[in-house]
Colleague: 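Before anything else, here's the structure in question.
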Amino acid sequence: MNAPVIGQSIKRKEDYRFLTGTGTYTDDVTLPGQTHACFLRSPHAHAKIRGIDTSRARAAPGVVAVFTGEDLARARVNGLPCGWLITDVNGQPMKEPPHPPLAQGKVRHVGDQVAVVIAETLNQAKDAAELIEVDYEVLPAVVSPADARKPGAPVVHDSAPDNTCYVWALGDKVAVDQAFAQAAHVTTLEFINNRLIPNAIEPRAAVASYARADDAYTLYVTSQNPHVERLLMAAFVLGLPEHKLRVIAPDVGGGFGSKIYLYAEETVITWAAKQVGRPIKWTAERSESFMSDAHGRDHVTRAELALDQDGKFLALRVATTANLGAYLSTFASCIPTILYATLLAGQYTTPAIYCEVTAVFTHTAPVDAYRGAGRPEATYVVERLVETAAREMGIDRATIRRRNFITTFPYQTPVALCYDTGNYDATLTAAIELADVAGFEARRKAAAQRGKLRGLGYSTYIEACGLAPSNIAGALGARAGLFEAGEIRVHPTGSVTVFTGSHSHGQGHETTFAQVVADRLGIPVENVDVVHGDTGRILFGMGTYGSRSIAVGGTAIVKALDKVIAKGVKIAAHLLEAAEADIEFRDGAFQVAGTDRKKTLAEVALAAYVPHNYPLDRLEPGLNESAFYDPTNFTYPAGSHICEVEIDPETGVTQVVNFTAVDDFGKIINPMVVEGQVHGGLAQGIGQALLEGCVYDPESGQLLTGTYMDYALPRADDLPSFKVGTRETPCTHNPLGVKGCGEAGAIGAPAAVINAVVDALAHLGVRDIEMPATPERVWRAIRSARPGKKA
Amino acid sequence: MNITVSMTVNGKPVTAEIDPRTLLAQFIRENLRLTGTHVGCDTGQCGACTVHLNGHAVKACNILAAQAQGATLLTIEGVRGVDGGLHPMQAAFREHHGLQCGFCTPGMVMNAIDLVQRHLHPAEEVIRAGLDGNLCRCTGYHNIVKAVQAAAARMAADTTAATLKQGGQA
């Protein structure tokens with residue numbers, strides 16, 4: 001019997017190269033004859049381009065070419081497409097204004113691409129870009145979602161004169177209104193879900209080349225989903241057949257959503273590589289990342305919860321305005337709708353829910369999925385309401401949750417999802433124990449003696465992961481499938497290469513996917529290598545986002561493994577002169593049941609590749625199988641987070657002193673990797689709650705948080721060590737029983753932190769505090785709640 | 001007009017003709033093709049480009065290559081354990097899952113080694129404060145702190161063992 005592989009914290013196979021500096025990230029790729037690109041970006045949030053004079057730049061030393069939007073239009077390069085069509089409340093399609101890769105006629109946000117200079121060296125490209133003269137007519141800008149629809153607001157696109165992309169709704173409004181009319185208590189909150197800038201530490205980068213020999217392009221790019229990148233760029237923008245574009249996403253230094261999308265820069269340099277006949281490299285500077293990576297969140301919401309006298313939730317009514325930025329990013333439209341409103345049931349039996357979402361254009365960078373993508377926003381709405389309602393009604397905050405938990409499965413929510421399984425009481429109970437909630441009052445008293453205000457907050461979240469059943473997604477407007485593909489290549493001597501359409505940019509697929517394969521085939525993990533991120537080597541893929549990798553990509557691999565084993569049974573039956581029905585596969589060998597006669601996987605593989613004694617009349621040689629897997633449902637990870645903060649009332653500084661997360665991710669392949677994913681998600685969630693906030697100047701539209709000096713990314717001394725635990729209810733509809741874990745921390749944490757901050761300040765009369773709860777905001781909340789005290 | 005710079009990198013002498021404005025990080029990556037040193041922000045705020053200059057951690061995007069004239073430089077490619085394998089810090093990052101995407105990792109390891117050289121038995125607060133200049137977006141720092149603690153213990157033990165051995169030989 002082999003030692004178990006699934007459920008073991010096996011050290012990561014990818015670590016050696018990362019720790020020795022021998023990984024290959026996109027900017028590490030250098031091709032012979034390579035040139036360098038620098039993009040000239042708009043310094044204005046909104047301006048008409050009266051003219052662009054590139055003559056001095058073209059004449060500058062080392063310059064190979066300069067291109068503007070006009071050049072791209074002349075070459076019939078299309079705009080960047082949006083992958084999800086939302087249909088509005090009147091049955092009309094959303095507004096889809098053009099998104100040219102280089103601005104045409106107008107710029108619409110600070111950082112909008114205006115021109116590209118390609119030169120022998122990067123410094124020469126940068127120097128020449130400064131010589132481009134753009135005649136701008138600066139126009140007024142609107143940056144806040146709350147202002148976008150005000151009368152007289154500057155218009156972002158002529159095709160959307162009210163700056164509205166769509167007004168969309170989900171749920172039964174009549175039932176909700178009736179429930180509110182009969183409610184014993186209504187809790188109302190208005191809040192902003194703060195705009196975030198993803199900030200993967202590796203900036204976006206691309207290296208494009210064109211080979212005249214076979215009229216084909218190769219693009220190295222920082223992408224979470226190279227096949228999607230290829231599909232969009234080839235079919236929609238450049239008008240190329242897909243077999244003429246190979247997209248390689250090598251080692252990628254974090255994504256968090258921001259590297260899902262097809263961006264202008266890689267599109268422009270891919271096109272330009274043929275024009276200049278040489279490879280082109282572009283790597284973003286951090287300031288470009290701040291200005292031009294797709295941002296996240298940015299909602300303004302009014303939410304109301306109706307309760308009966310016992311604290312049972314009767315109905316939830318939510319109205320949200322979501323900022324989409326200046327252009328529709330690749331999946332922008334589905335984030336504040338499909339991935340947001342559908343999650344508003346949370347872990348609760350709330351029978352009636354209605355959510356209306358107004359999505360607006362503003363003169364800001366495009367907004368799209370960022371870790372959690374809609375689900376943190378939904379969780380924040382629900383969990384802030386629940387905690388506020390409990391306080392208003394004098395009900396214990398854990399009790400009110402337990403009173404409303406869904407306890408029977410499958411459970412059909414009023415907002416379209418059907419949860420297959422879960423045990424919310426178990427995760428909450430475990431979290432309460434792990435967080436030592438029983439000892440909290442003593443800790444609060446001790447803190448008070450030190451002059452600190454201590455608070456505790458809960459957040460019990462749910463997420464829909466494992467994106468996604470293609471037929472459901474298609475009915476909701478998706479313009480792509482959401483399956484995953486995998487291939488198992490058993491080599492003649494029994495080692496295995498796995499090809500997955502999923503992509504790892506920190507998640508550890510090379511280890512966890514290898515564990516799945518090693519477990520099924522009964523071979524050592526060392527004998528399995530995982531290949532990802534290359535359309536030239538992998539049959540197809542939809543990539544990594546929405547915590548889908550193990551649930552969808554892992555299942556595709558399992559399906560391919562099933563085919564390998566099925567074929568192996570046939571081969572072994574022939575070799576062992578036994579009936580196929582008598583062959584069982586166990587511990588890496590095909591065995592005649594009830595006997596000790598067997599053939600190992602390696603023996604069967606060798607027979608498949610050296611088919612001298614082989615049933616060639618009915619079986620193909622070789623042992624290489626692939627599978628596509630389209631899930632039948634979403635997966636529903638869920639958990640309970642408990643945050644404890646201490647606030648210095650004199651400075652407003654909030655410190656997270658304890659953070660506990662107990663999550664149910666279904667079956668776990670590698671606990672070490674899963675814990676790491678939770679830690680990272682928590683850091684981003686705590687970051688959103690206390691530190692991070694993208695700010696545009698409301699007058700000029702300038703990005704005020706455009707460096708790490710202004711945008712507070714969590715640093716090591718901003719965070720505590722975390723207490724994490726898991727409970728397990730296996731997913732019912734995939735063979736591994738897995739649900740996904742990548743986003744959970746970022747989804748649950750913001751509400752837990754703000755609930756803790758409000759808990760610490762509630763006795764002063766503070767009812768809400770806006771994210772990020774900076775020292776200034778907390779200090780002001782304390783002072784305004786104590787008007788008699790000296791500031 | 002180009003200038004000539006010379007220094008010792010990972011134990012080997014190097015000389016190159018460079019544009020005077022070349023940053024040390026650019027020099028390491030572009031001229032020496034040592035791409036383990038990463039650039040995350042260009043502005044000295046993320047620490048991904050941290051290397052050892054004359055034995056101390058510095059951010060290589062924050063100084064010119066010309067300023068390193070004659071210096072001894074250690075990059076992640078030159079970091080090794082006594083047996084030529086992983087340095088205890090690298091081994092501890094692997095053991096404690098102190099890295100995910102790996103992009104901040106070289107800089108984090110370089111700074112962590114410097115930190116432990118200055119603080120033999122660092123407490124958690126010392127580690128967190130000491131790594132304040134290195135951004136990681138993946139790990140939440142939890143496992144990095146654990147890794148540095150473990151590596152510090154191992155490095156202290158190795159130092160003690162080496163000292164005893166030297167004493168025994170004397």
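The shown structure was predicted, so the numbers you read here are calculated from the model rather than taken from an experiment. Order of the sequence lines sets the chain letters (A, B, ...), proteins ahead of strands, with each chain counted from 1.
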Colleague: Charged N to carboxylate O under 4.0 angstrom, Arg33(B) versus Asp28(A)?
Modeller: no

Colleague: For Leu682(A), is it the side chain, the backbone, both, or neither that has a heavy atom closer than 4.5 Å to a heavy atom of chain B?
Modeller: neither

Colleague: Report yes or no: does Arg29(B) contribute a side-chain atom to a donor-acceptor pair with the main-chain N or O of Asp27(A) at less than 3.5 Å?
Modeller: yes

Colleague: Once rounded to the nearest 0.5 Å, what's the spacing between atom CZ of Phe18(A) and atom NE2 of His38(B)?
Modeller: 9.0 Å

Colleague: Could you tell me which portion of Val109(B) (side chain, backbone, both or neither) has an atom closer than 4.5 angstrom to a non-hydrogen atom of chain A?
Modeller: side chain

Colleague: Any donor and acceptor pair, going by atom type alone, linking the side chain of Asp15(A) with main-chain N or O of His97(B) inside 3.5 Å?
Modeller: no

Colleague: I need the residue from Gly253(A), Ala200(A), Gly23(A), Ala683(A) with the largest number of non-hydrogen atom pairs under 4.5 Å to chain B.
Modeller: Gly253(A)

Colleague: Are the side chain of Gln100(B) and the backbone of Gly676(A) linked by a donor-acceptor contact shorter than 3.5 Å?
Modeller: yes

Colleague: Is Thr22(A) in contact with chain B via its backbone, its side chain, both, or neither, using a 4.5 Å heavy-atom distance?
Modeller: neither

Colleague: Give the minimum heavy-atom separation between Gly254(A) and Cys101(B), together with the two atoms involved.
Modeller: N-CB, 3.3 Å

Colleague: Any residues in residues 122-149 of chain B near chain A, with a heavy-atom distance under 4.5 Å, and which are they?
Modeller: Glu124(B), Arg128(B), Ala129(B), Leu131(B), Asp132(B), Gly133(B), Asn134(B), Leu135(B), Cys136(B), Arg137(B), Cys138(B), Thr139(B), Gly140(B), Tyr141(B), His142(B), Asn143(B)

Colleague: Heavy-atom distance under 4.5 Å to chain A: side chain of Arg94(B), backbone, both or neither?
Modeller: both

Colleague: Does any heavy atom of chain B fall under 4.5 Å from the side chain of Phe290(A), the backbone, both, or neither of them?
Modeller: neither

Colleague: Would you indicate whether His56(B), at its atom NE2, is surrounded by more than 12 heavy atoms from other residues, nucleotides or ligands within a distance under 6.0 Å?
Modeller: no

Colleague: Which heavy atom of Lys11(A) sits nearest a heavy atom of Glu95(B), and at what distance?
Modeller: NZ-O, 3.3 Å

Colleague: To check you understand the geometry: which heavy-atom pair defines the closest contact between Phe103(B) and Tyr25(A), and what is its length?
Modeller: N-OH, 3.3 Å

Colleague: Which of the residues Gln90(B), His87(B), Arg21(B) is involved in the greatest number of heavy-atom pairs with chain A at under 4.5 angstrom?
Modeller: Arg21(B)

Colleague: Tell me, for Ser287(A) versus chain B, whether the close heavy atoms (under 4.5 Å) come from the side chain, the backbone, both or neither.
Modeller: neither

Colleague: Going by heavy atoms in the side chains, are Asn123(A) and Asp19(B) under 4.5 Å from each other?
Modeller: yes

